[in-house]
Trainee: 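Dropping a structure here in structure tokens format, bear with me for questions.
The figures here come from the full heavy-atom set of this structure, side chains too, leaving out hydrogens, waters and symmetry mates.
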Amino acid sequence: MSAYELVACGGVYQIRRRTLPRRGVPPVSWTADRWRRGEALEWWRRLLAGHAR
């Protein structure tokens, strides 16, 4: 199972993905590049719609 977060700090936006730990499998965390607001919101919209790659 994965969880996604839209993170903003100081005018910089990132999307963070985390997986939940399972038996024998450690959790994984991944953070995308930094974007400005408009581009980050577009990627966030794509992610929620299932169109991000």
Side-chain angles (χ1 to χ4, degrees):
M1 182 175 188
S2 294
Y4 294 89
E5 301 172 293
L6 178 60
V7 182
C9 183
V12 176
Y13 293 76
Q14 292 180 301
I15 295 175
R16 182 180 302 150
R17 175 182 176 230
R18 293 182 177 188
T19 61
L20 298 175
R22 296 182 311 210
R23 185 180 308 164
V25 179
V28 175
S29 181
W30 172 84
T31 305
D33 289 335
R34 296 177 178 145
W35 295 300
R36 293 186 180 189
R37 185 177 188 268
E39 190 174 9
L41 292 177
E42 177 61 24
W43 277 106
W44 186 245
R45 184 192 65 75
R46 288 179 189 176
L47 178 69
L48 294 178
H51 298 275
R53 293 211 176 240

Trainee: Can you tell me how far NE2 of His51 sits from CZ of Arg45, rounded to the nearest 0.5 angstrom?
Mentor: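 Reported to 0.5 Å precision, the distance equals 7.5 Å.
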
Trainee: Kindly compute the distance separating CG (Leu41) from CZ (Arg36), expressed to the nearest 0.5 Å.
Mentor: 14.0 Å

Trainee: Output side-chain donor-acceptor pairs under 3.5 Å for residues 4-14, partner residues at least two apart or in another chain, one line each.
Mentor:
unit_1: Glu5; atom_1: OE1; unit_2: Arg16; atom_2: NH1; d: 3.4
unit_1: Gln14; atom_1: NE2; unit_2: Ala32; atom_2: O; d: 3.3

Trainee: Is the number of heavy atoms from other residues, nucleotides or ligands under 6.0 Å of Arg46 CZ greater than 12?
Mentor: yes

Trainee: Among Pro26, Ser2, Ser29, whose side-chain contact (heavy atoms from CB on, under 4.5 Å) with Thr19 holds?
Mentor: Ser2

